[in-house]
Amino acid sequence: MVAVTTALIGFFAFVIMRVTTPQMTTLFTDLTTEDSSSIIKDLERQAIPFELRNEGAVIMVPKDKVTRLRMKLAEANLPKGGGVGYEIFDKSDALGTTSFVQNINHLRALEGELARTIRAIDRIQAARVHLVLPERPLFAREAPEPSASIVVRVRGSLEPQQIRAIRHVVASAVNGLKPQRVSIVDEAGRLLADGAGKEADIAVGEERRAAFEKRMRNEVEAIVSSVVGQGRARVQLTADFDYNKVTQTSDKFDPEGRVLRSSQSREESSLTAENNGQVTVNNELPNNQTNTTGPAARDQSKKSEETNNYEISRTTKTEVTEAGRVNRISVAVLVDGAYTKNEKGEMVYQDRSKEQLDRIATLVRSAIGFDQKRGDQVEVVNLRFAEAPTVPAVVEPTGLLGMLQFTKDDVMYVIELGVMMLLGLVVLFMVIRPLVKRILAAEVIPAQAEPALALTDGTQAELGPGQALIAGTSGAAQLIDVAQVQGQVHAQAVHRVGELAERNPNETASIVRQWLSEPVEN
């Protein structure tokens, strides 16, 4: 009884504690040691129960208080994220600090804010940012370029667009920093981005090609599926891109489109006297006195010149062809046949006609912008699929679950309470109820004296010790006990009669004669 009572008290104490314990949910995850200790201090000050998991990286609090606690901790700037941000300037004394300390604090704040921003990206657990912002030396025409290095701890692996997004976020936040100067390394020491500009351009081109192929494939598959049925078409599209950047400049002259630009006319006249070819000093002096004793021969010349400048029509054309041109597109379309029911109601497969396949090919060419000069190829083939496609039905919650919009945690909590209540009822009806009933029904009347058994000869046979009858009992157990006692009493009476007959044979014989002589009553 003591053991059963103790077990029942422990069981019901566990049930009561489990029912009254509030449902815990996650407050914060992936916390650093500093943030975890600060949050625990605040929770203990507010006397709020909490649980620690994953070595303090996860903190659990009651579900009904999680929203208020997050707002309260955000007011206290918790969690800080394991780094120092611009809050470093909130409590600093700007009057006594030097410019060197201010620059260091600014660098620390910028690195901390960038690390927090990077941690907000999916799959990134932690991040550290190191910035190198060199000062421009004196008397130098060119300043050294800044650079950055980032170490991240990720869950799984980062996609190429996520890596480029991190580089551009850091480059946009730092003045003069280029994305090509940002290096990214993961916790395993693998180099995710080494800052090579050519490699980055190739990655961008590959992403652009993949996006183009996906978009065109979805469009072709959508238009073909509307004809042959949902899930009965498979489309594979490959695009050949040219990543070379070409700049071409051409000049075109039109001789018929000339225009007079300028005109210039000039006339010259000269008069010279013959001096028999003699060159003297007197001839070269101004206002020289010539010998006029005889007649002199004169030479007169006149010259006229006209210059006209015409502008010819000229056209200059500069073409820049960016990288990523589509050189060729190849499309392979696989369609399933048609299924019809025969006279027995069985599904029978039928191939599609050539005319229908040609129409599908025409639709595909129109969808991709088919260009025969470019070398595009389109192939439409009809083959039977291995399995008939099935469209999964979307099951939406209905009834009470859909109306109340229970979450998975709520449903599991209700199931747990139901199981505990069922166990409590089983223990109550299967253990406690029979035990109490037996205690109340077991009323034993102790024997005050040994009852005697009346014999046929008028004598009484006394029962031995321990053979007291149980009176006032009821139920099957009591009836069985009474029957056993009566049997023992009869056996003892027969044995006692035998002993009396052996001790008194004469009296026994007279008693038997008397029984024989008595008339039999009808």
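We use all heavy atoms of the structure for the numbers below, so side chains are in, but hydrogens, waters and symmetry mates are not.
More than 12 heavy atoms of other shown residues, nucleotides or ligands fall within 6.0 angstrom of atom CZ in Arg217. At most 12 non-hydrogen atoms from other residues, nucleotides or ligands lie less than 6.0 angstrom from CD of Glu135. Dense packing is recorded around CZ of Arg155, with more than 12 heavy atoms of other residues, nucleotides or ligands lying under 6.0 Å away. More than 12 heavy atoms of other residues, nucleotides or ligands shown are found within 6.0 angstrom of CZ on Phe253. Annotation for Arg325: atom CZ counts as buried by contact number, over 12 foreign heavy atoms lying within 6.0 Å. Other residues, nucleotides and ligands contribute at most 12 non-hydrogen atoms within 6.0 Å of the CZ atom of Arg53. The environment of Glu305 atom CD is dense: over 12 non-hydrogen atoms of other residues, nucleotides or ligands sit within 6.0 angstrom. Heavy-atom neighbours of Glu379 CD from other residues, nucleotides or ligands within 6.0 Å: at or below the threshold of 12.
Among all heavy-atom pairs drawn from Arg352 and Gly337, the shortest one is NH2-O, 3.4 Å. The minimum heavy-atom distance between Ser225 and Ala233, with the atom names listed, is OG-CB, 4.2 Å. Closest heavy-atom contact between Pro146 and Pro134: CA-CD, 3.8 Å. Minimum heavy-atom separation, Leu69 to Gln46: CD2-OE1, 3.7 Å. The minimum heavy-atom distance between Ala115 and Ala127, with the atom names listed, is CB-O, 3.6 Å. Here the closest non-hydrogen pair linking Leu177 and Ala148 is CD2-CB, 4.0 Å.
In summary, the side chains of Asp254 and Ser313 do not present any donor paired with an acceptor at a separation below 3.5 Å, with no hydrogens or angles considered.
Between the side chain of Asn382 and the backbone N or O of Val335 there is at least one donor-acceptor pair closer than 3.5 Å. Between the Asp376 side chain and the Asp371 main chain, a donor and an acceptor come within less than 3.5 Å of each other. Using modelled atom types, one side-chain atom of Ser226 and one backbone atom of Ile223 make a donor-acceptor pair closer than 3.5 Å. Glu213 contributes a side-chain N or O that, together with a main-chain N or O of Ala239, makes up a donor-acceptor pair within less than 3.5 Å. Without hydrogens or angle criteria, Arg314 side chain to Glu311 main chain gives no donor-acceptor distance under 3.5 Å. Counting only distance, with no hydrogens or angles, the side chain of Asp186 and the backbone of Arg190 share a donor-acceptor pair below 3.5 Å.
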Exercise. Let me see the working for Glu221 and Arg234 under salt bridge (Lys or Arg N to Asp or Glu O under 4.0 Å), right down to the final yes or no.
Key: CA-CA 7 Å; Glu221 190 170 358; Arg234 299 292 183 270; 5.1 Å; no
Quiz prompt | Intermediate values then yes/no, side chain to side chain contact (heavy atoms under 4.5 Å, CB included), Leu114 and Ile150 | solution = CA-CA 10 Å; Leu114 289 174; Ile150 303 172; over 6 Å; no
Quiz item: Yes or no on salt bridge (Lys or Arg N to Asp or Glu O under 4.0 Å) for Glu145 and Arg181, after CA distance, side-chain angles and deciding distance?
Solution: CA-CA 8 Å; Glu145 296 182 356; Arg181 299 279 295 173; 3.8 Å; yes
Quiz prompt | CA sep, side-chain torsions, deciding dist, call: Phe28, Ile39, side chain to side chain contact (heavy atoms under 4.5 Å, CB included) | solution = CA-CA 10 Å; Phe28 291 111; Ile39 293 174; 3.7 Å; yes
Exercise. Quick one: do Leu133 and Val174 satisfy side chain to side chain contact (heavy atoms under 4.5 Å, CB included)? Show the steps, please.
Key: CA-CA 9 Å; Leu133 305 178; Val174 180; 3.4 Å; yes
Quiz prompt | Audit row: Asp336, Tyr349, side chain to side chain contact (heavy atoms under 4.5 Å, CB included) steps and yes/no | solution = CA-CA 9 Å; Asp336 196 6; Tyr349 174 80; 3.5 Å; yes
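Glu111 has no carboxylate O lying under 4.0 Å from a charged side-chain N of Arg128, or vice versa, which leaves the two without a salt bridge. Ion pairing between a basic and an acidic side chain is recognised when a charged N comes within 4.0 Å of a carboxylate O; Lys317 and Glu319 show such pairing. Look at Glu187 and Arg153 and you find no salt bridge, because none of the NZ, NE, NH1 or NH2 atoms lies under 4.0 Å from a carboxylate O. Using a cutoff of 4.0 Å between basic side-chain nitrogens and carboxylate oxygens, Glu113 and Arg116 are scored as salt-bridged.
Rounding to the nearest 0.5 angstrom, the gap separating the OG atom in Ser157 from the CD atom in Gln162 is 8.5 Å. Once rounded to the nearest 0.5 Å, the distance linking CZ of Arg365 with CD1 of Ile329 reads 13.0 Å. Here CE of Met24 is found 10.5 Å from CD1 of Ile59. Values are rounded to the nearest 0.5 Å. Rounded to the nearest 0.5 Å, atoms CG (Asp358) and CD (Glu355) are 8.0 Å apart.
For the pair Ile312 and Tyr310, the minimum side-chain heavy-atom distance is 4.5 Å or more. You'll find the side chain of Gln356 reaches within 4.5 Å of the side chain of Val227, heavy atoms only. Thr117 places a side-chain heavy atom less than 4.5 Å from the side chain of Val169. Counting only heavy atoms from C-beta outward, the side chains of Glu346 and Lys341 never approach each other to under 4.5 Å. Residues Tyr339 and Val348 are not in side-chain contact: their nearest non-hydrogen atoms beyond the backbone lie 4.5 Å or more apart. Between Val151 and Ile184 the shortest side-chain heavy-atom distance does not fall below 4.5 Å. Under the 4.5 Å side-chain criterion, counting only non-hydrogen atoms from C-beta, Gln350 is in contact with Thr340. For the pair Asn309/Leu260, no side-chain contact is recorded, criterion being any heavy-atom separation below 4.5 Å from C-beta on.
For the side chain to side chain contact (heavy atoms under 4.5 Å, CB included) criterion with Val378, the lone passing option out of Ile368, Leu237, Leu363 is Ile368.
With sequence neighbours excluded, the residues that form a side chain to side chain contact (heavy atoms under 4.5 Å, CB included) with Glu306 are Ser263, Ser265, Asn308. When the side chain to side chain contact (heavy atoms under 4.5 Å, CB included) test is applied to Met71, the partners found at least two apart in sequence or on another chain are Thr67. In this structure Phe212 satisfies the ring pair (Phe, Tyr, Trp, His ring centres under 6.0 Å) test together with Phe241, sequence neighbours excluded.
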